[in-house]
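Here's the structure we're looking at; comments come further down.
When reading the values below, keep in mind they use all heavy atoms of this one structure, side chains included, and skip hydrogens, waters and symmetry mates.
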Amino acid sequence: MRAHIKQFFSAFVLIAFLSMGLEAAVKFKTETVVIQTSAVCESCKNRIEKALKTVEGIVSANLNLDTKKIKVKYDPAKTTPDQIRAVISNTGYDADEVKKNEEAFKKLPKCCQNGGAGCTHE
């Protein structure tokens, strides 16, 4: 009987330690960066947020069209603010000091290229 109690206690302690280790592995550290963009409409917002969702390590991205600033929550072990800016640039938009990729910009709808004038696709 005493051997069973020892085995049960040992198993319980082992499970407790393993679960704490698993919890620590699941909880990763996140950081937040706010980036100024050149987005002008809801279509721009959707395009940028969709592009960022494909990046490993991005937890969330929310673009405020009033300020043209995007708040990105990310795992610094998997991506960096510079990589995030590069994704935005390669989508056709300025990202802080990183200028838009001209080829990507040319593929945007005309109203997005013209500062939102006459946007009809929102």
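- Considering every non-hydrogen atom in both Lys71 and Val34, the closest pair reads CG-CG2, 4.2 Å.
- A 4.5 Å side-chain heavy-atom check between Ile35 and Val33 finds at least one atom pair inside the cut-off.
- Within the 4.5 Å cutoff, the side chain of Leu108 has heavy atoms near those of the Arg47 side chain.
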Show me the donor-acceptor pairs within less than 3.5 Å that the side chains of residues 52-60 make with the rest of the protein, sequence neighbours left out.
| from | atom 1 | to | atom 2 | distance (Å) |
| --- | --- | --- | --- | --- |
| Thr54 | OG1 | Ala51 | O | 2.6 |

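- In this structure, the side-chain contact (heavy atoms from CB on, under 4.5 Å) partners of Glu102, at least two apart in sequence or on a different chain, are Lys100, Phe105.
- Here Lys50 pairs with nothing under the side-chain contact (heavy atoms from CB on, under 4.5 Å) rule; sequence neighbours left out.
- Distance NZ/Lys73 to OG1/Thr32: 6.0 Å, rounded to 0.5 Å.
- Distance check, rounded to the nearest 0.5 Å: SG of Cys112 to CD of Glu42 gives 11.0 Å.
- Lys106 and Gln113 make their closest contact through O-NE2, 3.2 Å (heavy atoms, listed as atom of the first residue, atom of the second, distance).
- Lys45 meets the salt bridge (charged side-chain N to carboxylate O under 4.0 Å, His left out) test with Glu49; sequence neighbours excluded.
- A heavy-atom distance below 4.5 Å is found between the side chains of Ile84 and Thr79.
- Residues meeting the salt bridge (charged side-chain N to carboxylate O under 4.0 Å, His left out) test with Asp96, sequence neighbours left out: Arg85.
- Here Glu31 pairs with Lys29, Tyr74 under the side chain to side chain donor-acceptor pair (under 3.5 Å) rule; sequence neighbours left out.
- The minimum heavy-atom distance linking Ala39 with Cys44 is given by the pair CB-CB, 3.6 Å.
- Each of Val98, Ile70, Leu63 was checked for a side-chain contact (heavy atoms from CB on, under 4.5 Å) with Ile88, and the lone residue meeting it is Ile70.
- Of the possible polar contacts, none joining the Thr91 side chain to the Ile48 backbone as a donor-acceptor pair under 3.5 Å is found.
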